[in-house]
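Notes to accompany the following structure.
Just follow the structure's listing: the first ligand is 1, and inside any ligand the first atom is 1. Any value given below was found using the heavy atoms of this structure, including those in side chains, with hydrogens, waters and symmetry copies removed. We count residues from 1, following the sequence as given.
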Amino acid sequence: MGQGMTGGGWTDAEIEALLPELREIRHDLHQHPELGFEEHRTQARVRGWLETHGYAPRDCAGTGLVAELHPEGPGHDAGRCIALRADLDCLPIHESTPLPYRSVHEGRAHKCGHDGHTTILMGVAALLARHRDRVPGRVRLLFQPAEEGVDGGGAKVMVAEGALDGVDEVYGLHNWPPFPHGELRVTAGATMAQTRELAITVTGKGGHGSQPQACRDPIVAAAHLVTALQTVVSRGLGSDGGAVVSVCRFAAGHANNVIPDRAELAGTVRSFDPAVDQRVVERIEEIVRGIAATFGVELELSLGQGYPVLMNHEHCASAVQRVGERVVGPSRVSATGLPIAGGEDFAYFTQAVPGAYFFLGAGRAGEDTPGCHHPDFDFDDALIPIGIRMFLGLVEDRLGAAR
Ligand code: NI
(Lines give C-alpha, C1' and ligand atoms only; values in the text may rest on other atoms or scores of the structure.)
Protein backbone atom coordinates (compact mmCIF):
# COMPACT_ATOMS: atom_id res chain seq x y z
CA MET A 1 0.00 0.00 0.00
CA GLY A 2 1.70 3.19 -1.20
CA GLN A 3 1.67 6.56 0.48
CA GLY A 4 -1.85 8.04 0.31
CA MET A 5 -3.03 5.03 -1.70
CA THR A 6 -5.37 2.52 -0.15
CA GLY A 7 -5.79 -1.10 -1.17
CA GLY A 8 -9.02 -0.39 -3.01
CA GLY A 9 -7.25 1.98 -5.39
CA TRP A 10 -8.83 5.21 -4.21
CA THR A 11 -6.39 7.88 -3.06
CA ASP A 12 -6.55 10.57 -0.42
CA ALA A 13 -6.18 13.11 -3.23
CA GLU A 14 -9.27 11.70 -4.93
CA ILE A 15 -11.28 12.01 -1.73
CA GLU A 16 -10.06 15.60 -1.28
CA ALA A 17 -10.94 16.46 -4.87
CA LEU A 18 -14.50 15.28 -4.31
CA LEU A 19 -15.06 17.35 -1.15
CA PRO A 20 -16.17 20.71 -2.64
CA GLU A 21 -18.98 18.97 -4.54
CA LEU A 22 -19.94 16.89 -1.52
CA ARG A 23 -20.08 19.95 0.74
CA GLU A 24 -22.41 21.58 -1.80
CA ILE A 25 -24.65 18.49 -1.74
CA ARG A 26 -24.64 18.45 2.07
CA HIS A 27 -25.69 22.09 2.25
CA ASP A 28 -28.42 21.51 -0.35
CA LEU A 29 -29.80 18.56 1.65
CA HIS A 30 -29.60 20.67 4.80
CA GLN A 31 -31.54 23.49 3.17
CA HIS A 32 -34.33 21.11 2.07
CA PRO A 33 -34.92 18.80 5.05
CA GLU A 34 -37.67 16.19 4.91
CA LEU A 35 -39.32 14.20 7.70
CA GLY A 36 -39.45 10.40 7.86
CA PHE A 37 -41.12 8.69 4.88
CA GLU A 38 -41.44 12.10 3.18
CA GLU A 39 -37.87 12.23 1.80
CA HIS A 40 -38.97 12.55 -1.85
CA ARG A 41 -36.61 15.35 -2.86
CA THR A 42 -33.72 13.79 -0.98
CA GLN A 43 -34.43 10.43 -2.59
CA ALA A 44 -34.48 12.04 -6.06
CA ARG A 45 -31.18 13.82 -5.39
CA VAL A 46 -29.48 10.62 -4.22
CA ARG A 47 -30.99 8.58 -7.07
CA GLY A 48 -29.67 11.07 -9.64
CA TRP A 49 -26.18 10.89 -8.13
CA LEU A 50 -26.18 7.10 -8.07
CA GLU A 51 -27.38 6.83 -11.67
CA THR A 52 -24.72 9.32 -12.79
CA HIS A 53 -22.15 7.00 -11.25
CA GLY A 54 -23.44 3.91 -12.99
CA TYR A 55 -25.67 2.36 -10.34
CA ALA A 56 -29.21 1.11 -10.91
CA PRO A 57 -30.82 2.04 -7.57
CA ARG A 58 -34.21 0.68 -6.57
CA ASP A 59 -36.73 2.27 -4.24
CA CYS A 60 -37.08 0.69 -0.81
CA ALA A 61 -39.35 1.50 2.15
CA GLY A 62 -41.08 4.15 0.03
CA THR A 63 -38.60 7.01 0.17
CA GLY A 64 -35.41 4.97 0.61
CA LEU A 65 -32.99 3.55 -1.95
CA VAL A 66 -30.87 0.44 -2.34
CA ALA A 67 -28.00 0.34 -4.83
CA GLU A 68 -25.39 -2.32 -5.36
CA LEU A 69 -21.90 -2.26 -6.76
CA HIS A 70 -21.36 -5.29 -8.98
CA PRO A 71 -17.67 -5.46 -9.66
CA GLU A 72 -16.62 -6.54 -13.12
CA GLY A 73 -14.52 -9.57 -13.87
CA PRO A 74 -14.69 -13.35 -13.40
CA GLY A 75 -15.67 -14.79 -10.04
CA HIS A 76 -16.87 -11.53 -8.60
CA ASP A 77 -20.56 -12.44 -8.54
CA ALA A 78 -19.87 -15.10 -5.95
CA GLY A 79 -18.08 -12.63 -3.68
CA ARG A 80 -19.13 -11.59 -0.24
CA CYS A 81 -21.49 -8.64 0.17
CA ILE A 82 -21.21 -5.89 2.74
CA ALA A 83 -23.84 -3.21 3.24
CA LEU A 84 -23.25 0.43 4.24
CA ARG A 85 -26.12 2.52 5.58
CA ALA A 86 -27.00 6.21 5.75
CA ASP A 87 -30.17 7.76 7.19
CA LEU A 88 -32.06 10.41 5.18
CA ASP A 89 -34.61 12.11 7.43
CA CYS A 90 -34.67 15.36 9.40
CA LEU A 91 -36.33 16.32 12.69
CA PRO A 92 -39.46 18.38 13.45
CA ILE A 93 -37.32 21.20 14.92
CA HIS A 94 -37.17 24.88 13.96
CA GLU A 95 -33.77 25.93 12.62
CA SER A 96 -32.40 28.80 14.69
CA THR A 97 -28.94 28.97 13.09
CA PRO A 98 -27.97 31.91 10.80
CA LEU A 99 -26.45 29.51 8.22
CA PRO A 100 -26.59 30.62 4.58
CA TYR A 101 -28.01 27.16 3.83
CA ARG A 102 -30.48 27.06 6.74
CA SER A 103 -33.73 25.14 6.33
CA VAL A 104 -36.30 26.70 4.00
CA HIS A 105 -39.04 24.68 5.75
CA GLU A 106 -40.64 26.03 8.92
CA GLY A 107 -40.40 23.48 11.75
CA ARG A 108 -38.15 21.04 9.89
CA ALA A 109 -34.39 20.84 10.12
CA HIS A 110 -31.42 18.48 9.87
CA LYS A 111 -30.53 18.59 13.56
CA CYS A 112 -29.07 15.10 13.80
CA GLY A 113 -26.65 15.29 10.88
CA HIS A 114 -28.37 12.77 8.63
CA ASP A 115 -27.64 15.22 5.78
CA GLY A 116 -23.95 14.57 6.51
CA HIS A 117 -24.37 10.79 6.78
CA THR A 118 -26.17 10.74 3.42
CA THR A 119 -23.42 12.86 1.83
CA ILE A 120 -20.71 10.54 3.17
CA LEU A 121 -22.38 7.52 1.58
CA MET A 122 -22.82 9.41 -1.72
CA GLY A 123 -19.07 10.09 -1.70
CA VAL A 124 -18.38 6.43 -1.01
CA ALA A 125 -20.68 5.47 -3.90
CA ALA A 126 -18.72 7.69 -6.31
CA LEU A 127 -15.31 6.35 -5.29
CA LEU A 128 -16.39 2.70 -5.29
CA ALA A 129 -17.85 3.10 -8.77
CA ARG A 130 -14.61 4.62 -10.07
CA HIS A 131 -12.60 1.67 -8.71
CA ARG A 132 -15.10 -1.13 -9.14
CA ASP A 133 -12.52 -3.35 -10.85
CA ARG A 134 -10.47 -3.39 -7.62
CA VAL A 135 -13.35 -4.41 -5.32
CA PRO A 136 -13.53 -8.23 -5.15
CA GLY A 137 -17.05 -8.56 -3.83
CA ARG A 138 -20.31 -6.70 -3.63
CA VAL A 139 -21.10 -3.51 -1.74
CA ARG A 140 -24.75 -2.62 -1.11
CA LEU A 141 -25.59 0.99 -0.30
CA LEU A 142 -28.62 1.51 1.93
CA PHE A 143 -30.17 4.99 1.96
CA GLN A 144 -32.72 4.60 4.73
CA PRO A 145 -35.76 6.82 5.38
CA ALA A 146 -37.34 7.56 8.76
CA GLU A 147 -34.73 6.85 11.41
CA GLU A 148 -36.28 9.34 13.83
CA GLY A 149 -38.95 7.13 15.33
CA VAL A 150 -41.74 7.40 12.78
CA ASP A 151 -43.99 4.34 12.68
CA GLY A 152 -41.31 1.99 13.95
CA GLY A 153 -38.50 3.26 11.76
CA GLY A 154 -37.46 2.83 8.14
CA ALA A 155 -34.83 0.19 8.92
CA LYS A 156 -37.50 -2.34 9.90
CA VAL A 157 -39.35 -1.72 6.63
CA MET A 158 -36.14 -2.06 4.60
CA VAL A 159 -35.32 -5.39 6.23
CA ALA A 160 -38.89 -6.59 5.55
CA GLU A 161 -38.49 -5.55 1.90
CA GLY A 162 -35.33 -7.63 1.54
CA ALA A 163 -32.70 -4.88 1.65
CA LEU A 164 -30.32 -7.21 3.51
CA ASP A 165 -31.01 -10.40 1.52
CA GLY A 166 -27.64 -11.86 0.55
CA VAL A 167 -25.72 -9.40 2.74
CA ASP A 168 -22.91 -10.80 4.92
CA GLU A 169 -22.29 -7.75 7.13
CA VAL A 170 -23.76 -4.27 7.61
CA TYR A 171 -22.15 -1.06 8.90
CA GLY A 172 -23.45 2.36 9.89
CA LEU A 173 -22.13 5.50 11.55
CA HIS A 174 -23.31 8.59 13.42
CA ASN A 175 -21.63 11.90 14.17
CA TRP A 176 -21.58 12.58 17.91
CA PRO A 177 -20.65 16.01 19.37
CA PRO A 178 -20.16 14.79 22.99
CA PHE A 179 -17.08 12.87 21.73
CA PRO A 180 -13.98 14.90 20.74
CA HIS A 181 -13.51 15.76 17.09
CA GLY A 182 -11.54 13.20 15.12
CA GLU A 183 -12.12 10.38 17.61
CA LEU A 184 -13.83 7.15 16.73
CA ARG A 185 -15.88 5.18 19.25
CA VAL A 186 -17.01 1.59 18.84
CA THR A 187 -17.77 -1.33 21.13
CA ALA A 188 -18.86 -4.94 20.84
CA GLY A 189 -22.31 -5.85 22.17
CA ALA A 190 -24.90 -3.34 23.37
CA THR A 191 -24.22 0.01 21.69
CA MET A 192 -27.52 1.87 21.90
CA ALA A 193 -30.57 1.36 24.07
CA GLN A 194 -33.84 -0.44 23.75
CA THR A 195 -36.55 2.22 24.04
CA ARG A 196 -40.12 2.28 25.34
CA GLU A 197 -42.62 5.11 25.39
CA LEU A 198 -44.17 5.43 28.83
CA ALA A 199 -47.70 6.87 29.12
CA ILE A 200 -49.88 6.85 32.23
CA THR A 201 -53.34 8.33 32.64
CA VAL A 202 -54.50 8.89 36.23
CA THR A 203 -58.27 9.17 36.54
CA GLY A 204 -59.70 10.33 39.87
CA LYS A 205 -62.69 12.45 40.78
CA GLY A 206 -62.50 16.22 40.40
CA GLY A 207 -64.25 18.91 42.37
CA HIS A 208 -63.85 22.20 44.24
CA GLY A 209 -60.31 22.94 45.38
CA SER A 210 -61.66 23.67 48.87
CA GLN A 211 -63.36 20.25 49.16
CA PRO A 212 -60.63 17.59 48.70
CA GLN A 213 -62.51 15.17 50.94
CA ALA A 214 -65.16 14.86 48.22
CA CYS A 215 -62.58 14.19 45.50
CA ARG A 216 -60.04 11.59 44.45
CA ASP A 217 -57.20 13.94 43.57
CA PRO A 218 -55.33 12.66 40.48
CA ILE A 219 -52.55 15.24 40.90
CA VAL A 220 -51.49 13.98 44.31
CA ALA A 221 -51.64 10.39 43.06
CA ALA A 222 -49.60 11.29 39.97
CA ALA A 223 -47.03 13.16 42.07
CA HIS A 224 -46.54 10.06 44.26
CA LEU A 225 -46.32 7.99 41.11
CA VAL A 226 -43.53 10.17 39.68
CA THR A 227 -41.61 9.84 42.95
CA ALA A 228 -42.18 6.08 43.19
CA LEU A 229 -40.97 5.58 39.60
CA GLN A 230 -37.58 6.98 40.68
CA THR A 231 -37.07 3.74 42.62
CA VAL A 232 -37.48 1.44 39.59
CA VAL A 233 -33.78 1.78 38.75
CA SER A 234 -32.32 2.82 42.13
CA ARG A 235 -34.09 0.12 44.21
CA GLY A 236 -35.16 -2.34 41.53
CA LEU A 237 -31.88 -3.03 39.72
CA GLY A 238 -29.16 -2.82 42.33
CA SER A 239 -25.57 -1.90 41.65
CA ASP A 240 -25.61 -3.07 38.03
CA GLY A 241 -28.26 -0.50 37.05
CA GLY A 242 -28.47 -0.50 33.27
CA ALA A 243 -31.73 1.38 32.70
CA VAL A 244 -33.19 4.86 32.57
CA VAL A 245 -36.77 5.76 33.55
CA SER A 246 -37.64 9.41 32.91
CA VAL A 247 -41.02 11.10 33.31
CA CYS A 248 -40.79 13.98 30.83
CA ARG A 249 -44.34 15.25 30.75
CA PHE A 250 -46.84 15.92 33.58
CA ALA A 251 -50.12 17.52 32.55
CA ALA A 252 -53.12 18.21 34.79
CA GLY A 253 -55.56 20.91 35.76
CA HIS A 254 -56.69 24.20 34.26
CA ALA A 255 -57.75 26.44 37.19
CA ASN A 256 -56.27 27.26 40.59
CA ASN A 257 -59.43 26.31 42.54
CA VAL A 258 -60.47 23.14 40.69
CA ILE A 259 -59.22 19.63 41.38
CA PRO A 260 -59.22 18.01 37.93
CA ASP A 261 -60.51 14.57 37.01
CA ARG A 262 -57.36 13.49 35.24
CA ALA A 263 -53.61 13.77 35.17
CA GLU A 264 -51.39 12.56 32.37
CA LEU A 265 -47.77 11.46 32.57
CA ALA A 266 -45.48 10.55 29.71
CA GLY A 267 -41.85 9.60 29.51
CA THR A 268 -39.28 7.17 28.23
CA VAL A 269 -37.70 3.92 29.40
CA ARG A 270 -34.25 2.83 28.18
CA SER A 271 -32.25 -0.34 28.82
CA PHE A 272 -29.58 -2.49 27.19
CA ASP A 273 -30.68 -6.02 28.02
CA PRO A 274 -34.04 -7.82 27.59
CA ALA A 275 -33.87 -9.22 31.17
CA VAL A 276 -33.36 -5.72 32.59
CA ASP A 277 -36.19 -4.41 30.43
CA GLN A 278 -38.47 -7.16 31.77
CA ARG A 279 -37.56 -6.30 35.37
CA VAL A 280 -38.20 -2.58 34.73
CA VAL A 281 -41.60 -3.31 33.19
CA GLU A 282 -42.57 -5.54 36.15
CA ARG A 283 -41.60 -2.88 38.69
CA ILE A 284 -43.48 -0.14 36.84
CA GLU A 285 -46.59 -2.35 36.73
CA GLU A 286 -46.33 -3.12 40.45
CA ILE A 287 -45.92 0.54 41.35
CA VAL A 288 -48.86 1.57 39.17
CA ARG A 289 -51.11 -1.02 40.83
CA GLY A 290 -49.95 0.08 44.27
CA ILE A 291 -50.52 3.79 43.67
CA ALA A 292 -54.00 3.05 42.26
CA ALA A 293 -54.93 1.13 45.41
CA THR A 294 -53.39 3.67 47.78
CA PHE A 295 -55.13 6.72 46.32
CA GLY A 296 -58.36 5.17 45.02
CA VAL A 297 -57.73 6.31 41.45
CA GLU A 298 -57.72 4.46 38.17
CA LEU A 299 -54.41 4.13 36.40
CA GLU A 300 -54.01 3.27 32.74
CA LEU A 301 -50.46 2.28 31.80
CA SER A 302 -49.04 1.99 28.32
CA LEU A 303 -45.45 0.90 27.68
CA GLY A 304 -45.11 1.02 23.91
CA GLN A 305 -42.23 -0.95 22.43
CA GLY A 306 -39.72 1.26 20.61
CA TYR A 307 -36.48 0.25 18.91
CA PRO A 308 -34.67 -2.85 20.24
CA VAL A 309 -31.15 -2.78 21.69
CA LEU A 310 -28.56 -2.08 19.02
CA MET A 311 -26.10 -4.98 19.34
CA ASN A 312 -22.73 -4.82 17.59
CA HIS A 313 -21.27 -8.16 16.56
CA GLU A 314 -17.83 -8.75 17.94
CA HIS A 315 -15.92 -9.44 14.72
CA CYS A 316 -17.58 -6.46 13.02
CA ALA A 317 -16.76 -4.12 15.92
CA SER A 318 -13.17 -5.41 15.72
CA ALA A 319 -13.09 -4.57 12.02
CA VAL A 320 -14.30 -1.01 12.74
CA GLN A 321 -11.63 -0.68 15.40
CA ARG A 322 -8.90 -1.95 13.05
CA VAL A 323 -9.96 0.41 10.25
CA GLY A 324 -10.40 3.30 12.70
CA GLU A 325 -6.86 2.88 13.96
CA ARG A 326 -5.66 3.34 10.38
CA VAL A 327 -7.99 6.25 9.58
CA VAL A 328 -7.79 8.39 12.75
CA GLY A 329 -4.83 6.79 14.58
CA PRO A 330 -4.74 4.14 17.35
CA SER A 331 -4.85 6.67 20.20
CA ARG A 332 -8.13 8.08 18.94
CA VAL A 333 -10.13 4.84 18.87
CA SER A 334 -11.89 3.65 22.02
CA ALA A 335 -15.15 2.42 23.52
CA THR A 336 -15.31 5.28 26.05
CA GLY A 337 -18.82 6.65 26.57
CA LEU A 338 -20.55 3.58 25.11
CA PRO A 339 -23.23 2.33 25.19
CA ILE A 340 -25.39 5.40 24.60
CA ALA A 341 -28.94 5.49 26.03
CA GLY A 342 -30.36 6.86 22.78
CA GLY A 343 -32.37 4.62 20.46
CA GLU A 344 -31.41 3.82 16.86
CA ASP A 345 -33.25 1.66 14.35
CA PHE A 346 -29.97 0.37 12.91
CA ALA A 347 -30.71 -2.24 15.62
CA TYR A 348 -33.02 -3.99 13.13
CA PHE A 349 -30.14 -4.34 10.65
CA THR A 350 -27.80 -6.02 13.16
CA GLN A 351 -30.66 -8.27 14.27
CA ALA A 352 -30.88 -9.50 10.68
CA VAL A 353 -27.17 -9.89 9.84
CA PRO A 354 -23.86 -9.34 11.66
CA GLY A 355 -22.82 -5.70 11.74
CA ALA A 356 -21.51 -2.76 13.70
CA TYR A 357 -22.50 0.84 14.33
CA PHE A 358 -19.89 3.41 15.30
CA PHE A 359 -19.53 7.08 16.22
CA LEU A 360 -17.44 9.88 14.76
CA GLY A 361 -16.56 12.43 17.44
CA ALA A 362 -17.78 15.91 16.47
CA GLY A 363 -17.04 18.07 19.51
CA ARG A 364 -14.72 20.92 18.50
CA ALA A 365 -11.96 21.81 20.98
CA GLY A 366 -12.51 24.93 23.07
CA GLU A 367 -16.23 25.22 22.43
CA ASP A 368 -19.47 23.72 23.65
CA THR A 369 -20.47 22.19 20.30
CA PRO A 370 -24.28 21.87 20.13
CA GLY A 371 -25.37 18.24 20.39
CA CYS A 372 -27.63 16.25 18.07
CA HIS A 373 -31.29 17.41 18.28
CA HIS A 374 -30.23 20.86 19.60
CA PRO A 375 -31.71 23.78 17.57
CA ASP A 376 -28.17 25.19 16.99
CA PHE A 377 -26.72 21.89 15.76
CA ASP A 378 -25.15 21.66 12.31
CA PHE A 379 -23.28 18.67 10.87
CA ASP A 380 -19.53 19.28 10.74
CA ASP A 381 -18.31 19.01 7.12
CA ALA A 382 -14.83 18.09 8.35
CA LEU A 383 -16.28 14.65 9.17
CA ILE A 384 -17.15 13.91 5.53
CA PRO A 385 -13.65 12.65 4.53
CA ILE A 386 -13.30 10.72 7.82
CA GLY A 387 -16.63 8.96 7.24
CA ILE A 388 -15.69 8.17 3.64
CA ARG A 389 -12.31 6.72 4.68
CA MET A 390 -14.01 4.62 7.35
CA PHE A 391 -16.56 3.12 4.96
CA LEU A 392 -14.00 2.54 2.19
CA GLY A 393 -11.62 1.07 4.77
CA LEU A 394 -14.34 -1.36 5.87
CA VAL A 395 -14.91 -2.39 2.25
CA GLU A 396 -11.19 -3.17 1.96
CA ASP A 397 -11.03 -4.92 5.32
CA ARG A 398 -14.13 -7.07 4.88
CA LEU A 399 -13.87 -7.85 1.18
CA GLY A 400 -10.09 -7.90 1.00
CA ALA A 401 -9.80 -5.36 -1.81
CA ALA A 402 -7.07 -6.11 -4.34
CA ARG A 403 -3.63 -4.91 -3.35
NI1 NI B 1 -29.47 10.60 14.16
Point to revise | Pairing residues for Phe358 by the ring pair (Phe, Tyr, Trp, His ring centres under 6.0 Å) criterion, not counting sequence neighbours | key: none
Exercise for review: Could you tell me which residues satisfy side chain to side chain donor-acceptor pair (under 3.5 Å) with Glu325, sequence neighbours excluded, listed by chain and number?
Suggested key: Gln321
Check your understanding: Would you say Asn257 has more than 12 foreign heavy atoms packed within less than 6.0 Å of its CG?
Key -> yes
Exercise for review: On the 0 to 90° scale, with breaks at 30° and 60°, tag the His30-His110 ring pair as parallel, tilted or perpendicular.
Suggested key: tilted
Practice item. Not counting sequence neighbours, list each pair that qualifies as a salt bridge (charged side-chain N to carboxylate O under 4.0 Å, His left out) and has a residue in residues 297-322. Key: Arg322-Asp397
Exercise for review: Pull up every protein N/O/S atom sitting under 2.8 Å from the Ni ion (ligand 1), skipping waters.
Suggested key: Cys112 SG, His114 NE2, His174 NE2
Review point. Does any non-hydrogen side-chain atom of Met390 lie less than 4.5 Å from one of Leu383?
Key: no
